[in-house]
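This report concerns only the one structure given below.
We number each residue from 1, following the sequence as shown.
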Amino acid sequence: MRNRYLDLLRFLAIVRVVVYHVTGLATLTLVFPAMSIMFALAGSLMAASLDRSGGAALRRRLRRLLPSLWVVAMVFVPAMLLTGLVFTPRVLLWLFPVTDPPANYWGGLALSPVWYLRDYLWFLLASPAALWLFRRAPLPTLAAPYLLLVAIEVGILPTTSAVPRDFGLYFGAWLLGFAHHDGMLRRLADRVLVPVAVLLAGAGGAWILSHPGPRGYDLNDIPLGNALWSAAFILVVIGRAPAAAAWVDRNRTFGRLVTFTNRRALTVYLWHMPFVVALTPLVGLVGWSPRDPWGLAIRVVLVFLLVGVVTLLVGWVEDVAAGRRPELVPGGRPDPAPGRRSSRPEPVSPGPVVSPDPVSPGGGRAAAGPGPRVPGPGAVEAR
């Protein structure tokens, strides 16, 4: 049975990402570090899939991840080629974006969320070895991404590549997802978890205050502060996740909305930025500035409406990719009946408590996920 509390966290993260991209409110990144939450949930589910399916989990996870990207590429890559993008072999990175695929001037903004799939692919490929190491030396393995980020931030290991930086920034959250699945966070006593969370939040907050970015205290501009603050957040909201949250479904409409958003997470994430970019100048034409409250509210509503329409049109691709019966609007009934489901059950986290003794890496476990950056002149990423 799925943990509806974790579904709720993913729902809140996706909504927060969209609202942040429309409004650019830096406070949202502090109140709810959505991307790190998404990577932590993804890491937990990836550990579950590796334990259940071993190496086959990688193939299944790729099959669930890439088709939604290919649908976006089928629409936007030809449009970019017709408006200035030069065709080179690098265009094929839109099929498997292990590095940023090429884009033209408007595509770099509208398709900037693809950075998430780039990082996800790297984290996915690293997961079998990382889970093996984590279960033998959890603390050193967990500390490694944060130490890498410190080395990059203080100039010991300068790099212009986004991949090492994002490994330092987000792979720690992914590993905390491993800890959640294995029950390590659940077993931590409050006298340990709370002081550690306070220490991380204090260190992250101090770094954030002393290293403001070009947009002030927006976590997307402050990687080390982001990583530490997010780790504290994950320890609290995921480390103390309830085993069940039946109250999520007490309101049928809200429960269905949570289910719908979880089943269409990639579609919502990949398609919202084109509408954010397109609506920004259009709303300005009717006299509302980008910071006008009414203008922002209208843009938020319009983006969600347009994303909803696109999700109805192409969101079923996520069902096909996951081996489920395609649905126009998922969540209209309890999780698909056994006879209608794929023969492969969804991975569930947290899993059984893992023995601290070394375990064979042969048994092995899947993920999903999306986060934001406000489109602006020259921007190439959205977090």
### Query
Quick check: does any side chain N or O of N226 sit under 3.5 Å from a backbone N or O of L30, one acting as donor and the other as acceptor?
no
### Task
State, to 0.1 Å, how close G155 and P158 come at their nearest heavy-atom pair, and which atoms those are.
O-CD, 3.4 Å
### Ring center gap for Y170 and W115 short of 6.0 angstrom
yes
### Message
Filter on side-chain hydrogen bond (donor to acceptor under 3.5 Å, both in side chains), then keep only pairs touching residues 190-210, sequence neighbours left out; what's left?
### Response
D190-R240
#### Entry: H272 side chain near V310 side chain, heavy-atom distance below 4.5 Å
no
#### Entry: Short side-chain to backbone donor-acceptor contact, R264 and G315, under 3.5 Å
yes
### Task
Can you spot which of F171, Y116, Y120 makes a ring pair (Phe, Tyr, Trp, His ring centres under 6.0 Å) with F39?
Y116
### Message
So which atom in A73 and which in P78 form the shortest heavy-atom distance, rounded to 0.1 Å?
### Response
O-CD, 3.3 Å
### Query
Can you tell me how far CZ of F167 sits from CG of L149, rounded to the nearest 0.5 angstrom?
13.0 Å
### Query
Using the benzene-type ring in the case of Trp, are the ring centres of F11 and F260 under 6.0 Å apart?
no
### Task
May I ask you to decide whether R4 forms a salt bridge with D249, counting only side-chain N to carboxylate O separations under 4.0 Å?
yes
#### Entry: Salt bridge flag under 4.0 Å for residues E153 and R165
no
### Task
Compare all side-chain heavy atoms of L95 with those of L66 and state whether any distance is below 4.5 angstrom.
no
### Task
Answer yes or no: is there a donor N or O on one side and an acceptor on the other, between the side chain of W229 and the main chain of G205, under 3.5 Å?
no
### Polar contact flag, side-chain donor to acceptor under 3.5 angstrom, S127-W174
yes
#### Entry: W271 and F76 aromatic centres sub-6.0 Å
yes
### Nearest atoms (heavy-atom pairs only) where Y146 meets A231
OH-CB, 3.6 Å
### Task
Answer yes or no: is there a donor N or O on one side and an acceptor on the other, between the side chain of N104 and the main chain of G84, under 3.5 Å?
no
#### Entry: Side-chain donor-acceptor contact under 3.5 Å, R60 with S53
yes
#### Entry: Least distance between heavy atoms, R324 atom then E318 atom
NH2-O, 3.8 Å
